Amino acid sequence: MSRIEMKTPLVEMDGDEMTRIIWKEIKDIVILPFVDLKTEYFDLGLPNRDKTEDKVTIDAANRTKELGVAVKCATITPNAQRMTEYNLHSMWKSPNGTIRAILDGTVFRSPILVNGIKPFVSCWEKPITIARHAYGDVYRNTEFLVDGPAKADLVVTYPDGRQEKQTIFEYKGGGVLQGQYNTDASITAFAKSCFQYSLDTKQDLWFATKDTISKIYDRRFKDIFESVYKNEYEAKFADAGITYFYTLIDDAVARVMRSKGGFVWALKNYDGDVMSDMLASACGSLAMMTSVLVSPDGKYEYEAAHGTVTRHYYRYLKGEQTSTNPMATLFAWSGALRKRAQLDGLQDLENFAARLEKSAVSTIESGIITGDLDSLLAHPDKKVVNTSDFLAQVASNL
Ligand code: NAP
Ligand code: MG
């Protein structure tokens with residue numbers, strides 16, 4: 001059988017532990033037999049990040065800016081325990097943080113829905129995609145513990161020395177204080193990524209903040225979204241038959257719970273953090289959640305939403321068989337191949353990406369599953385298999 005051709009290589013970012021094992025199995029079992037795969041390989045596994053002083057992460061992100069599409073394996077973000085375990089020279093930063101800082105964008109997460117695994121919210125028929133702004137607000141805050149009577153002011157000093165000042169609060173006793181910020185540039189980039197993603201996937205876009213209470217801060221988000229929409233996307237949305245809809249965050253939550261799904265829900269950083277965990281658990285499993293970082297200039301980095309599944313890896317190292325779910329990592333590959341195919345005009349490759357996803361979903365629907373889905377899937381004669389047997393069944397369906 002002749003293999004499907006590619007034109008431009010994908011940026012391939014390898015990772016750590018169990019997902020590194022799964023990474024190779026996915027390539028060997030369900031991709032390489034069918035596709036003449038072209039990638040530029042960057043080893044983001046922790047030993048190589050340490051060896052290159054994390055230069056490999058920066059190189060991979062910069063190459064993604066040039067080639068346009070990357071696929072990333074889960075990676076360890078080192079902590080004190082990992083410093084000893086891997087004998088590291090330094091506590092390297094989170095690769096995802098480094099890549100996001102270089103590509104600048106928004107993280108889109110959506111569940112993989114299969115028949116037989118019902119979301120806990122029974123009216124959700126189609127996946128809901130959460131678009132989380134990944135910059136600023138409470139994640140870059142400045143906080144104080146105020147330990148007695150005090151006056152707190154907010155002061156802004158411009159380069160010409162001009163100042164604006166407001167009293168926040170006069171404390172009569174102890175308390176807490178917090179400062180937050182965001183920038184027009186980052187909010188605009190967030191808005192553009194959301195409109196572009198909705199257009200690419202032909203889904204309505206919802207956006208929600210608390211602008212009735214936060215009349216300047218959250219209002220700024222609302223206004224920037226509105227102006228990006230009017231200036232760049234209104235006509236394109238009309239052509240695609242999709243809509244943009246703004247509402248208050250509490251109203252949005254109520255509507256989401258009553259909706260059929262099938263739209264993109266843009267959220268500020270904190271709201272996105274909380275709501276994506278809500279969405280993931282309502283849909284069953286982290287291993288059934290896809291994730292893609294989209295930059296405002298249309299660069300894409302596909303990955304799984306889960307980590308390196310350390311507990312399974314330690315069992316694997318002891319020679320035990322593991323039944324780790326490869327779906328999210330497999331969908332990272334199919335997502336990247338599909339995007340590459342669309343950019344390069346390769347219909348065969350685009351069809352392959354769709355068939356790969358369908359084969360994976362129908363494997364689960366036929367009752368062949370990994371351990372994490374055992375309690376979730378309703379099926380009369382389901383069978384829990386190990387990761388490579390699961391992938392072999394996907395290949396056989398293909
Ligand atoms: P995790 O790797 O997501 O795993 C947490 C638990 O969730 C696992 O022990 C397993 O539960 C279950 N699970 C997750 N993915 C699964 C899959 N594909 N199949 C079956 N079960 C799955 O999170 P973690 O253990 O907190 O973090 C491990 C490492 O991953 C850390 O070093 C962290 O820095 C890194 N991390 C990386 C990323 C990323 O690169 N995007 C994201 C998050 C975390 P059971 O053990 O109960 O089966
Ligand atoms: Mg969270």
Side-chain angles (χ1 to χ4, degrees), residues 12-26 42-50 54 56-57 60-61 70-86 88 91-101 103 105 107-109 111-112 114 117 132 134 273 276-277 280-281 283-293 301-318 320-333 335 360 363-364 368-377 384-391 394:
E12 175 184 353
M13 307 183 193
D14 208 344
D16 290 298
E17 300 194 312
M18 204 61 225
T19 40
R20 188 179 179 98
I21 309 294
I22 292 178
W23 192 257
K24 186 170 182 310
E25 290 188 354
I26 288 174
F42 293 83
D43 183 1
L44 268 58
L46 190 49
N48 194 47
R49 273 182 279 149
D50 194 51
D54 211 23
V56 65
T57 309
V71 57
K72 180 181 171 290
C73 181
T75 45
I76 293 169
T77 297
N79 54 16
Q81 181 257 320
R82 299 294 197 170
M83 293 284 291
T84 333
E85 184 183 356
Y86 283 84
L88 301 178
M91 205 187 288
W92 307 109
K93 283 195 245 167
S94 146
N96 286 354
T98 304
I99 294 165
R100 259 175 234 163
L103 291 181
V107 177
F108 296 86
R109 291 204 161 162
I112 303 162
V114 303
I117 300 181
R132 173 185 170 186
D273 184 351
S276 53
D277 282 358
S281 45
C283 292
S285 167
L286 256 192
M288 298 292 283
M289 184 65 95
T290 65
S291 183
V292 57
L293 173 71
E301 183 241 324
Y302 292 83
E303 59 173 348
H306 59 77
T308 59
V309 210
T310 310
R311 280 204 294 223
H312 293 210
Y313 183 60
Y314 291 160
R315 292 212 300 269
Y316 167 87
L317 288 181
K318 284 192 218 148
E320 288 174 36
Q321 292 270 6
T322 70
S323 182
T324 315
N325 188 336
M327 287 293 280
T329 305
L330 185 149
F331 270 67
W333 275 99
T363 299
I364 297 176
I368 295 172
I369 51 171
T370 46
D372 57 311
L373 300 182
D374 198 12
S375 61
L376 299 170
L377 183 78
V384 173
V385 297
N386 65 36
T387 309
S388 36
D389 288 349
F390 180 87
L391 288 169
V394 176

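Because the structure is a prediction, the values reported are computed rather than measured. For ligands, and for the atoms within them, numbers begin at 1 and follow the listed sequence.
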Which atoms of ligand 1 have any heavy atom of [X] under 4.0 Å away?
X	value
T310	28 (C), 29 (C)
A74	40 (O)
E303	41 (N)
K72	40 (O)
N96	39 (C), 40 (O), 41 (N)

Can you check [atom]: any protein non-hydrogen atom closer than 4.0 Å?
atom	answer
atom 5 (C) of ligand 1	no
atom 24 (P) of ligand 1	no
atom 37 (C) of ligand 1	yes
atom 40 (O) of ligand 1	yes

How far is [atom] from the closest protein heavy atom, and which atom is that?
atom	result
atom 35 (C) of ligand 1	T75 O, 3.4 Å
atom 19 (N) of ligand 1	N325 N, 2.9 Å
atom 47 (O) of ligand 1	R311 NH2, 3.0 Å
atom 17 (C) of ligand 1	A287 CB, 3.5 Å
atom 34 (O) of ligand 1	T77 N, 2.9 Å
atom 14 (C) of ligand 1	H306 CB, 3.9 Å

Could you check if a side-chain atom of [X] sits within less than 4.5 angstrom of a side-chain atom of [Y], using non-hydrogen atoms only?
X	Y	result
T77	N96	no
P95	I76	no
L44	D14	no

Verify side chain to side chain contact (heavy atoms under 4.5 Å, CB included) between M288 and V114, making sure each step is shown before the conclusion. CA-CA 9 Å; M288 298 292 283; V114 303; 4.0 Å; yes
Look only at interatomic distance and state if [X] has a nitrogen or oxygen under 3.5 Å from any nitrogen or oxygen of ligand 1.
X	value
T308	yes
E17	no
D372	no
V309	yes
T324	no
G307	yes

Would you name the heavy atoms of [X] and [Y] that are closest together and state the gap between them?
X	Y	value
C73	D16	SG-N, 4.3 Å
L286	H306	O-CD2, 4.0 Å
L377	I364	CD2-O, 3.6 Å
M13	A61	CE-N, 4.5 Å
M327	F390	SD-CZ, 3.9 Å

Show the numbers, then the answer: is there a side-chain hydrogen bond (donor to acceptor under 3.5 Å, both in side chains) between D372 and T370? CA-CA 6 Å; D372 57 311; T370 46; 2.7 Å; yes
Heavy-atom neighbours of Y86 OH exceed 12 at 6.0 Å: yes
When you look at CD of Q321, are more than 12 heavy atoms from neighbouring residues, nucleotides or ligands closer to it than 6.0 Å? no
At a non-hydrogen distance cut-off of under 4.0 Å, which region of D16 contacts ligand 1 (side chain, backbone, both, or neither)? neither
Given the options K72, R49, R20, D43 meets salt bridge (Lys or Arg N to Asp or Glu O under 4.0 Å) only with R20
M83 side, atom CE; W92 side, atom CH2 - distance, nearest 0.5 Å: 9.0 Å
Output the distance between atom OG1 (T290) and atom CD1 (I112), rounded to the nearest 0.5 Å. 6.0 Å
Answer with yes or no whether [X] contacts ligand 1, where contact means a heavy atom under 4.0 Å from a ligand atom.
X	value
M327	no
H312	yes
R82	yes

